[in-house]
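Remarks on the structure that follows.
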Amino acid sequence: MLPDSALRTTALGAVPLPAPLRRCAALVRHNTALLLGEPGPLASRMILPLVFVTLLRPLYTAAEGTAAGTVQAVTGTLITFSLLALSIVGGSILTERLWHTWDRLRATTAHPLEILAGKAVPVLAALLAQQAVVLGFGAIALGLRLDHLPLLGAALLCWTLTLLGLGSALGVLARTHGELSAGYDIGGMLLSSLGGAFVPLSALPHWVRTIAPASPGYWGAGALRAALAGEAPRVLECCAVLLGFALATALVAARGLLRASARKAL
């Protein structure tokens, strides 16, 4: 448990920082240590995508050609396994709730939004690292072209913020680790499938193509593919929708945590 005194330490050596930033920095260090202390889930989310993309790429290249098939294999695998990585986001919040350490954190001077930020930054870095590993493997081992890095960076950031929102909402709404597991397993596979991760949308039934835009995976895959192709307008469109998903789910998570804290205070 992070003591309240740790939230009052000065970050960055002797450089004075505003109190909210000092508290956030202390929480970021604390949650980074917790994340690195249990590296198994993160490692599996980084290694398994490399296996899947290697196995699936020959199927896609045979059907769509080398360039298009490689893009489909890499982006589809990235979307699928980053959605499954919701377990890392949701699990960090649910564990705090079940161990009642969230209530102890709330008893400190830290605001709930500062606590959420302290949890979000390490997970954001972990998710971006996971996606960088998949894309780097695609570029080095499979010949994926990364010609438009600014667009790709914007797409990855917006997609990762959406994952943070979704995972936080799951961590707040789930009551047990079993419910959380069902949420990210079923939800992750459903959202990635609707997004055309496994099978191109053009090959799916009409009704699937009709409802696909309701899935964040649709816009995440669209943003990544447009970024790889250098289609800036499409990237901006997809990023705008992804940020809407991120904001909506983050509000759900923040409201749930604030309501839970209010009930505890009564």
Side-chain angles (χ1 to χ4, degrees), residues 41-42 44-57 59-61 63-64 68-90 123-124 126-139 142 144 146 148 151-167 169-170 183-204 208-209 211-229 231 234-235 237-246 249:
L42 180 59
S44 68
R45 295 297 184 260
M46 287 188 173
I47 295 171
L48 284 177
L50 308 185
V51 176
F52 271 74
V53 73
T54 303
L55 295 176
L56 292 176
R57 180 175 176 261
L59 299 177
Y60 291 125
T61 55
E64 302 182 37
T70 299
V71 169
Q72 174 69 34
V74 173
T75 57
T77 302
L78 186 152
I79 292 294
T80 300
F81 279 90
S82 58
L83 279 167
L84 292 177
L86 293 177
S87 60
I88 301 172
V89 186
V123 176
L124 176 70
L127 292 174
L128 286 173
Q130 178 211 34
Q131 295 167 44
V133 166
V134 176
L135 288 171
F137 178 80
L142 307 177
L144 179 71
L146 305 178
H148 309 281
L151 289 178
L152 187 59
L156 289 175
L157 179 60
C158 292
W159 172 239
T160 304
L161 290 174
T162 302
L163 294 173
L164 280 177
L166 288 169
L170 272 178
Y184 67 73
D185 280 342
I186 297 173
M189 296 303 293
L190 180 62
L191 294 179
S192 61
S193 298
L194 286 178
F198 289 116
V199 181
L201 287 175
S202 59
L204 293 174
V208 176
R209 298 196 299 272
I211 65 173
S215 165
Y218 170 86
W219 299 99
L224 290 175
R225 290 165 188 161
L228 291 171
E231 300 171 358
R234 176 61 175 167
V235 173
E237 177 190 10
C238 292
C239 285
V241 177
L242 288 173
L243 290 177
F245 277 114
T249 50

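To the nearest 0.5 Å, atom CZ of residue Phe52 and atom CZ of residue Phe198 are 7.5 Å apart. A distance of 6.5 Å separates CG in Leu243 from CG in Leu161, rounded to the nearest 0.5 Å. Interatomic distance, Leu56 CG to Thr61 OG1, rounded to the nearest 0.5 Å: 10.5 Å. The CG atom of Leu166 lies 7.0 Å from the CG atom of Leu170; values are rounded to the nearest 0.5 Å. Note that the CG atom of Leu50 and the OG1 atom of Thr77 stand 9.5 Å from one another [nearest 0.5 Å]. Atoms OG1 and CG, on Thr75 and Leu135 in that order, are 9.0 Å from each other to the nearest 0.5 Å.
Side chain of Glu64 to main chain of Val71: no donor-acceptor pair is present (N/O by atom type, distance under 3.5 Å, no hydrogens or angles). Counting only distance, with no hydrogens or angles, the side chain of Arg45 and the backbone of Phe81 share no donor-acceptor pair below 3.5 Å. Looking at Gln72, its side chain does come within 3.5 Å of a backbone N or O of Ala197 through a donor-acceptor pair. Side chain of Trp219 to backbone of Cys239: no donor-acceptor contact under 3.5 angstrom is found. At least one donor-acceptor pair under 3.5 Å links the side chain of Thr162 to the backbone N or O of Leu242.
Using a 4.5 Å heavy-atom threshold, the side chains of Trp159 and Leu78 count as touching. Within the 4.5 Å cutoff, the side chain of Leu83 has no heavy atoms near those of the Thr80 side chain. You'll find the side chain of Val134 reaches within 4.5 Å of the side chain of Val74, heavy atoms only.
Contact record, Leu156 with Leu128: O-CD2, 4.0 Å, taken as the closest heavy-atom pair. Between Arg209 and Ser202 the shortest heavy-atom distance is NH1-O, 3.8 Å. Listed here is the closest heavy atom pair of Val235 and Leu151: CG1-O, 4.0 Å. Annotation for Gln130 and Ala85: closest pair NE2-CB, 4.1 Å, computed over non-hydrogen atoms. Nearest heavy-atom pair across Tyr60 and Gly69 is CB-O, 3.4 Å. Taking every heavy atom of both residues into account, Gly195 and Ala221 meet most closely at O-CB, 3.8 Å.
Heavy atoms of other residues, nucleotides or ligands lying less than 6.0 angstrom from CZ of Phe137 number more than 12. More than 12 heavy atoms of other residues, nucleotides or ligands sit less than 6.0 Å from atom CD1 of Ile211.
Just one of Leu157, Thr160, Ile79, Leu152 meets the side chain to side chain contact (heavy atoms under 4.5 Å, CB included) condition when paired with Gln131; it is Thr160.
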Candidate pair Val123 and Leu163, rule side-chain contact (heavy atoms from CB on, under 4.5 Å), full reasoning: CA-CA 10 Å; Val123 176; Leu163 294 173; over 6 Å; no
